[in-house]
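One structure is given below, encoded as structure tokens.
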Amino acid sequence: VEPLAVVHRLEFIEPFASVATATLSMKPIGDAEVEVTWAFDQAADFGTKIMTVFMDMDSMLGPDFEKGLGKLEVLVEADAVP
């Protein structure tokens, strides 16, 4: 089975307008497990780089992605072949 990736565009409004790309990559490992990796890419100008010193993007976005991964897990396990 080939690895699969879902790529989506994130548009931020606050604290300032910006755009990023988020990717969820899924790679089969073994017969019944899938490794899911979340990647976040954004062009960072000087202001953005300064902001990342004071703001933790993982703590800002992490809970939303954890919630989404939890929903994905429920869907995948419900559709799994016993």
Practice task
May I ask you to say whether Glu11 pairs ionically with Arg9, meaning some side-chain N is under 4.0 Å from a carboxylate O?
Solution key: yes

Handout entry: Qualifying side-chain hydrogen bond (donor to acceptor under 3.5 Å, both in side chains) pairs with a residue from residues 33-44, counting only residues at least two apart or across chains
Key = Ser18-Gln42

Practice task
Name all pairs fulfilling the side-chain hydrogen bond (donor to acceptor under 3.5 Å, both in side chains) condition that reach into residues 61-70, sequence neighbours left out, sorted by first residue then second.
Solution key: none

Practice task
Applying side chain to side chain contact (heavy atoms under 4.5 Å, CB included), name anything that partners Val74, two or more places apart in sequence or on another chain.
Solution key: none

Handout entry: Transitive ILVMFWY side-chain link Val6 to Leu10, under 4.5 Å
Key = yes

Handout entry: Verify same cluster id: Met26, Phe40 (apolar side-chain graph, 4.5 Å)
Key = yes

Problem - Atom CD1 of Ile29 with >12 non-hydrogen neighbours under 6.0 angstrom - result: yes

Handout entry: Atom of Pro63, atom of Ser59 and distance for their closest heavy-atom approach
Key = CD-O, 3.3 Å

Problem - Worked check of side chain to side chain contact (heavy atoms under 4.5 Å, CB included) between Leu24 and Leu69 - result: CA-CA 9 Å; Leu24 284 172; Leu69 286 172; 4.0 Å; yes

